[in-house]
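Presented below is the structure to which this report refers.
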Amino acid sequence: MNKVFACSATAFAGVAALAAAAFAAAPVTAAPVSPSAAVTPASVTWSADPAKGPSAFQSVQCDEGSSQFTTASDTAKGKVWVAKQAAGAERCEVEGPDVKQGQTFYLGWSSKYHITDSTSRYVFQLKCSPSTGTANHPIVLEVIGGKLRLDEWTTDHTNVPLWSTPFQNDKWYDFALHVSADRTKGTIQFWFGGKQQTFANGSTSYTGTTYDGTRDYLKWGVYHQADQAATQTFSTIRMGTSLTDVTG
């Protein structure tokens, strides 16, 4: 059995070096403000910014070996998170904030993947504890067979496919969710590429299980063992009370 360990936030701590050069004859121009340097709106209740390190996550759960959770520089997104699941490993995920029964929230982030086999990989979960005798993971975004899928799982652990679309490796995709957390009357709304999506039921909203068990929490990364390695790269994640503030 592969061992799972939780990395502390100091694993990514580093020293940033700043350099400045002044030219008396050159005109002075204002430097652009990076997204990570912008003021966080009050309606953003939680965020995980790669530029600030992993302290926002409750834990990092990567199987021992070559699986790893790191940061990298991306030409399109700047500093990003990278979850690398080694071949044969069960998971490389990070644990975000807890979700409370009755809570309503928005989530927004961008991801790209490198997954070359057809094995299911969970890349986002609203996870519940205990895993047995519950929905286990009431909301799941997965990559499987060349598609991105959003699924809901009922209290008796029955899968309800909500939405799917073909995906390409190494291409950025933008996601947003609006969730109200309830065991049987929770709701889900979903935006992909900045556009609200219609679910398989013909509606832009689904009512069902979005909370179960005694503790629910959010996870991002790569989960499900497979013969080949897989990677999810993702941007700053924001949780808040408005769609604009988690996707802006």
Side-chain angles (χ1 to χ4, degrees), residues 1-7 11 48 50 54 56-71 80-99 107 109-154 157-165 167 169-170 173 175 177 179 188 190 209-213 215-235 237 239:
M1 179 181 293
N2 290 322
K3 295 181 180 179
V4 176
F5 63 93
C7 302
F57 298 115
Q58 297 193 56
S59 69
V60 176
Q61 302 169 341
C62 291
D63 291 348
E64 188 174 3
S66 55
S67 294
Q68 57 181 318
F69 184 69
T70 60
T71 59
V80 292
W81 303 111
V82 183
K84 296 180 179 179
Q85 178 199 36
E90 183 180 14
R91 74 177 74 238
C92 188
E93 297 179 288
V94 287
E95 185 178 320
D98 284 10
V99 173
L107 284 175
W109 75 96
S110 300
S111 289
K112 65 179 179 179
Y113 315 100
H114 191 83
I115 300 173
T116 56
D117 57 65
S118 59
T119 301
S120 164
R121 300 307 210 298
Y122 287 1
V123 292
F124 165 78
Q125 299 182 65
L126 192 158
K127 183 77 170 69
C128 62
S129 179
S131 297
T132 57
T134 64
N136 189 352
H137 33 58
I139 303 175
V140 168
L141 183 66
E142 70 175 323
V143 174
I144 180 171
K147 289 187 175 182
L148 274 165
R149 282 180 40 170
L150 182 69
D151 296 339
E152 187 263 4
W153 291 77
T154 66
H157 197 59
T158 298
N159 173 263
V160 180
L162 298 180
W163 170 93
S164 69
T165 192
F167 96 101
N169 276 316
D170 307 313
Y173 296 100
F175 302 99
L177 283 163
V179 177
I188 307 169
F190 179 60
T209 301
T210 57
Y211 186 97
D212 202 5
R215 176 184 173 236
D216 285 37
Y217 50 98
L218 306 172
K219 301 186 82 174
W220 287 263
V222 186
Y223 170 67
H224 276 161
Q225 188 173 3
D227 292 335
Q228 297 183 31
T231 300
Q232 176 177 188
T233 303
F234 54 103
S235 68
I237 310 164
M239 182 181 192

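If you're wondering where the values come from, they're calculated on a predicted model, not measured in any experiment. We count residues from 1, following the sequence as given.
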Query raised in the report: How would you list, by chain and number, every residue that makes a side-chain contact (heavy atoms from CB on, under 4.5 Å) with Thr158, sequence neighbours excluded?
Result: Thr154, Asp156
Report summary line: Closest non-hydrogen atoms of Pro50 and Ala48, given as atom of the first, atom of the second and distance, are CD-O, 3.8 Å
Report summary line: Sorted by chain and residue number, the ring pair (Phe, Tyr, Trp, His ring centres under 6.0 Å) partners of His224 (sequence neighbours excluded) come out as Tyr122
Query raised in the report: Going by distance alone, is a donor N or O of one side chain under 3.5 Å from an acceptor N or O of the other, for Gln68 and Thr70?
Result: no
Query raised in the report: Hey, are the side chains of Gln85 and Thr231 touching, using non-hydrogen atoms and a 4.5 Å cut-off?
Result: no
Report summary line: With sequence neighbours left out, the residues meeting ring pair (Phe, Tyr, Trp, His ring centres under 6.0 Å) with Tyr173 are Phe192
Query raised in the report: Going by heavy atoms in the side chains, are Ile139 and Leu150 under 4.5 Å from each other?
Result: yes
**Report entry** Ala83 versus Cys92, closest heavy-atom pair with distance
**Finding:** CB-O, 3.7 Å
**Report entry** Listed partners of His157 passing ring pair (Phe, Tyr, Trp, His ring centres under 6.0 Å), at least two apart
**Finding:** His137, Trp153
Report task. Would you check if the side chain of Ser67 reaches a backbone N or O of Ala86 as a donor-acceptor pair within less than 3.5 Å? Result -> yes
Query - Inter- and intrachain pairs under salt bridge (Lys or Arg N to Asp or Glu O under 4.0 Å), touching residues 111-133, at least two apart - result: Asp74-Lys112, Asp117-Arg121
Query raised in the report: Any side-chain heavy atom of Leu177 sitting closer than 4.5 Å to one from Trp109?
Result: yes
Query raised in the report: Side chains of Ile237 and Phe124: does their closest heavy-atom pair fall under 4.5 Å?
Result: no
Query - Thr209: partners by side-chain hydrogen bond (donor to acceptor under 3.5 Å, both in side chains), with sequence neighbours left out - result: none
Requested in this report: Compare all side-chain heavy atoms of Tyr113 with those of Asp170 and state whether any distance is below 4.5 angstrom.
Outcome: no
Query raised in the report: Rounded to the nearest 0.5 Å, how far does CG of Leu218 lie from CG of Leu126?
Result: 5.0 Å
Query - For Cys128, all residues meeting disulfide (SG to SG under 2.5 Å), sequence neighbours excluded - result: none
Report task. Quick one: list whatever passes side-chain contact (heavy atoms from CB on, under 4.5 Å) with Thr116, sequence neighbours left out. Result -> His114, Asn169, Gln228
Report summary line: Taken in chain and number order and not counting sequence neighbours, the residues that satisfy salt bridge (charged side-chain N to carboxylate O under 4.0 Å, His left out) with Asp212 are Arg183
Report task. Rounded to the nearest 0.5 Å, what's the gap from CG on Leu141 to OG on Ser111? Could you check? Result -> 8.0 Å
Query raised in the report: Relative to the ring of Trp81, is the ring of Phe234 parallel (under 30°), tilted (30 to 60°) or perpendicular (over 60°)?
Result: tilted
Requested in this report: Please name all residues satisfying salt bridge (charged side-chain N to carboxylate O under 4.0 Å, His left out) with Glu93, sequence neighbours left out, ordered by chain then number.
Outcome: Arg91, Lys219
Report task. Would you give the length of the straight line joining atom CH2 of Trp220 to atom CD of Glu95, rounded to the nearest 0.5 angstrom? Result -> 10.5 Å
Query raised in the report: Tyr223 versus Val140: any side-chain heavy-atom pair under 4.5 Å?
Result: no
Query - Test item: side-chain donor near acceptor, Asp63 and Gln225, under 3.5 Å - result: no
Query raised in the report: Val123 versus Phe175: any side-chain heavy-atom pair under 4.5 Å?
Result: no
**Report entry** Spacing of CD1 belonging to Ile115 relative to CD1 belonging to Ile144, to within rounding of 0.5 Å
**Finding:** 10.5 Å
**Report entry** Results of ring pair (Phe, Tyr, Trp, His ring centres under 6.0 Å) for Tyr211 - residues two or more places apart only
**Finding:** none
**Report entry** Residue pair Thr210 / Ile188, side-chain heavy-atom distance below 4.5 Å
**Finding:** yes
Query raised in the report: Please, which pairs that meet salt bridge (Lys or Arg N to Asp or Glu O under 4.0 Å) have at least one residue in residues 128-145, sequence neighbours excluded?
Result: Glu142-Arg149
Query raised in the report: Looking only at atom types and distance, does a side-chain atom of Ser131 sit under 3.5 Å from a main-chain N or O of Asn136, one as donor and one as acceptor?
Result: no
